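Data first, discussion second: the structure below is written as structure tokens.
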There are 2 protein chains.
Amino acid sequence: MNGKKSSKRAPTISDVAREAGVSRAQAARALGGYGAVSEAVMARVEAASAILNYRPNQLARSMNTGRSQTLGLVVGDIENPYFSLALRGISDFARGEGYDVITINTDEKVETERDAVRVLMDKRVDGLIVVPCDSRQTDHLRQVLEEGQVVTLFDREVEGLGIDAITASFVSATREAIGKLLALGHRRIAYLTTMPDYSSYRQGALLSVSPVAQRIKGLEQAYAEAGLLYDSDLVKFNAMGPQKVSAIIKELLNMHEPATAIVASDNLIAMAVLKECRRCHLRIPRDLSLLMYDDFPWTELVDPPLTVVAQPVYEMGQEVARRTIAGIRGQKLGPVPQFEANLIERESFGRPRRCKD
Amino acid sequence: MNGKKSSKRAPTISDVAREAGVSRAQAARALGGYGAVSEAVMARVEAASAILNYRPNQLARSMNTGRSQTLGLVVGDIENPYFSLALRGISDFARGEGYDVITINTDEKVETERDAVRVLMDKRVDGLIVVPCDSRQTDHLRQVLEEGQVVTLFDREVEGLGIDAITASFVSATREAIGKLLALGHRRIAYLTTMPDYSSYRQGALLSVSPVAQRIKGLEQAYAEAGLLYDSDLVKFNAMGPQKVSAIIKELLNMHEPATAIVASDNLIAMAVLKECRRCHLRIPRDLSLLMYDDFPWTELVDPPLTVVAQPVYEMGQEVARRTIAGIRGQKLGPVPQFEANLIERESFGRPRRCKD
DNA sequence: ACCACGATTGAGACCGGTCTCACAACCAAA
DNA sequence: TTTGGTTGTGAGACCGGTCTCAATCGTGGT
């Protein structure tokens, strides 16, 4: 139905020039607002442009300016409300500066991330915003940086790349949250993350800058402050999907000393935990306390309303966009602002149950 | 930090040709896999390309093929999980066919939609997927259609444009849901939508194809089947944001014959209703029954789990992408498949309370 | 009247690819 | 040996803009 015959080919600057009776160069100058143009020519060209309903071809413009006015966003999963809110922040800011955004999902697979970066480079985006899915495999990032591309990281840092990363700082909010759990009497607090287990997180250095590492650090600090030592067996990686989470919960509850509280590293895990609890008739916070990262509208609507550590996702989105665009323009913006996560207390914390059952 | 000096300019096909000792045309043929190329040249060019780490400039390619391998998505608010799930469906399918997606938010403002369409046209996207925010102001769509652009609508139809629209069919699921409410004894069932009130929805024709119209139709059918007449004063437009929703709920409960059930046209409204109920200590379903459109993971986690009318959003997203790309390629795909919405019964329906208080 | 200088203007190169066309080389058929 | 048809190849036009450069024009200074 649609493109019956591409009816009228879109008018080009040559058409406008002919209509106005001037040279291509002159028409371009009039429309582009650069160089010197007389009143008369300006008027004629504007009229011609209006008559033909001329719109400049951005592709052609990009060709020789080298700027495409487009940002590339490489993200794990845009369906995840965390990222879609970030995208909203990014595109709102970008739009205000005349940039558009191409989004590509990686599903947290490095191979896909590599492809995505390449595709976006090929499309000559002016800047790249990347949520790197593996802090160790970053050759592709290093390579595009060498080519002079502007890259900004979001949500996760990578050491040694020497580029900005917009992240929230989780240590203090986490320490505060875990402190409350400890005060309530919890000792066995499990941490669930979708992150794959890199042989062991205890190698520390590798993960030292990721949000997960920060959160675990905050957790350990809280234990230390209480004069306790955290049992790192309670950190569970690879909690992707409801089945995995379900299995992990079973494991945690069947330990010699069962977990009495769960920290969910993101909203998907938290939902899986909630679902599993409902299935097994476990009541929160009576049977299990729950802390989740990120605050979404529904978290205060569930039963019980969830205590969460929130980060200003939308604002962080705006900030990556701001810094990326500044980078493109060659501006310096000073140090990355600290986005501090904060604890929002609702009703998913309670005293631990004494014994099993 | 980033673009210190754009270190090495990206190699072009000329560089490859020189390195391989052949003409530009020949190098292009070898790389592009068209025309006739001898074994020897092929090998030399491939080697040169690998050495230089050559990547073709998609912009330049787009220039004269006229195809940018990019889709434009114009959507109300990507933060809305309904749309972000749809986007996921769209980009997954698009990616599989070698297309990328530029997303622009309209905030449901026609003016912004107009701009968005223009910007995307200027960037020469190959096809446009639009969630039109006003079924009456569609000149900009009509115009790009005349220019031969491929456009597919999503979520909402517009009459007289003669293009595909991917929507779910809501009549029967809604009739079923409302039938259950009527059977439980409800008579005063309110419908809340963010849609602005076009003087009055009773003009019918204007809204005849929108999802909202379909839902109201299903609602009225259910009443008719029960031998009742629906009081159209119970349809409340313009329910944008928690405050509006809050005001509307107050109004509904203070009517001479108060509403005993609420139908929320989208998840944002439903959340606002839930929040308001919590604030006013109204219990669902004891004091008020609630039906919401769209099914999201959290709907079965809230208190109580929500009865919803679900639509296969992800699949619908895939389908728009499929049809848009088919349109670009000039293929015909036959009639648009019917996506039937279906009722998922959970626990937010109950008997209406007898009197006030 | 003559020259310098700035404002206007058009010709044409260029961005990095694709693609048409003419021509050379090669082989089999006549 | 001449003819015809197939590769293989390079030259160069083209996509639709931007931008450099030199030429032209008008004008004030001397």
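So that the names make sense, note that chain A is the first sequence line, chain B the second, and so on, each numbered from 1. The structure presented is a predicted model; accordingly, all values stated were derived computationally and were not measured.
- Of all the residues in residues 54-68 of chain A, A:M63, A:N64 reach under 4.0 Å from DNA chain C with at least one non-hydrogen atom.
- Sorted by first and then second residue, the salt bridge (Lys or Arg N to Asp or Glu O under 4.0 Å) pairs involving residues 15-34 of chain A (not counting sequence neighbours) are A:R9-A:D15, A:D15-A:R18.
- The side chain to side chain contact (heavy atoms under 4.5 Å, CB included) check on A:T112 picks up A:T106, A:K109, with sequence neighbours excluded.
- Considering all non-hydrogen atoms of both residues, B:H140 and B:V110 come closest at CE1-CG1, 4.3 Å.
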### Task
Mind running side-chain hydrogen bond (donor to acceptor under 3.5 Å, both in side chains) on B:K123 and A:T70 for me, showing each step along the way?
CA-CA 10 Å; B:K123 292 218 168 166; A:T70 306; 2.8 Å; yes
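- Across its full length, the helix from C:dA1-D:dT30 to C:dA30-D:dT1 shows an angle of 60° between the axes of its 5 terminal pairs at either end, rounded to 10 degrees.
- Residue pairs satisfying the salt bridge (Lys or Arg N to Asp or Glu O under 4.0 Å) criterion with at least one member in residues 50-62 of chain A, sequence neighbours excluded, are listed as follows: A:R55-B:D122.
- Here the side chain of B:R156 pairs no donor or acceptor atom with the backbone of B:L153 at under 3.5 angstrom.
- In this structure, CZ on A:R323 lies 12.0 Å from CD1 on A:I163, to the nearest 0.5 angstrom.
- Of the possible donor and acceptor atoms, one in the side chain of B:S23 sits under 3.5 Å from a partner among the backbone N and O of B:Q26.
- Take A:Q331 and apply the side chain to side chain contact (heavy atoms under 4.5 Å, CB included) test, not counting sequence neighbours, and it matches A:A326, A:R329.
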Per-pair distances, 0.1 Å, donor-acceptor, side chain in residues 45-53 of chain A, under 3.5 Å, sequence neighbours excluded:
none

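- Here chain A contacts DNA chain D (any atom closer than 4.0 Å to a heavy atom, that is under 4.0 Å), and the contacts span D:dG16 to D:dT20 from 5' to 3'.
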Using atom types as modelled, flag every donor-acceptor pair under 3.5 Å from a side chain in residues 125-132 of chain B to any protein atom, sequence neighbours excluded.
unit_1, atom_1, unit_2, atom_2, d
B:D126, OD1, B:S68, N, 2.8
B:D126, OD1, B:S68, OG, 3.3
B:D126, OD2, B:S68, N, 3.1
B:D126, OD2, B:Q69, N, 2.7

Produce the list of close N/O pairs, under 3.5 Å, pairing protein atoms with atoms of nucleotides 22-25 of chain C; give distances to one decimal.
none

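- Scanning both residues, A:Q318 and A:F93, for their nearest heavy atoms gives O-CG, 3.9 Å.
- The backbone N or O of B:R124 lies less than 3.5 Å from no partner atom in the side chain of A:Q58, so there is not a single donor-acceptor pair.
- Of all heavy-atom pairs spanning B:Y82 and B:M316, the tightest one is OH-CE, 4.3 Å.
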### Query
Which parts of nucleotides 4-10 of chain C does protein reach within less than 4.0 Å, heavy atoms only, written one letter per nucleotide 5' to 3' as B for base, S for sugar-phosphate only and - for none?
----BBB
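- Note on residues 66-77 of chain B: pairs passing salt bridge (Lys or Arg N to Asp or Glu O under 4.0 Å), not counting sequence neighbours, are A:R88-B:D77.
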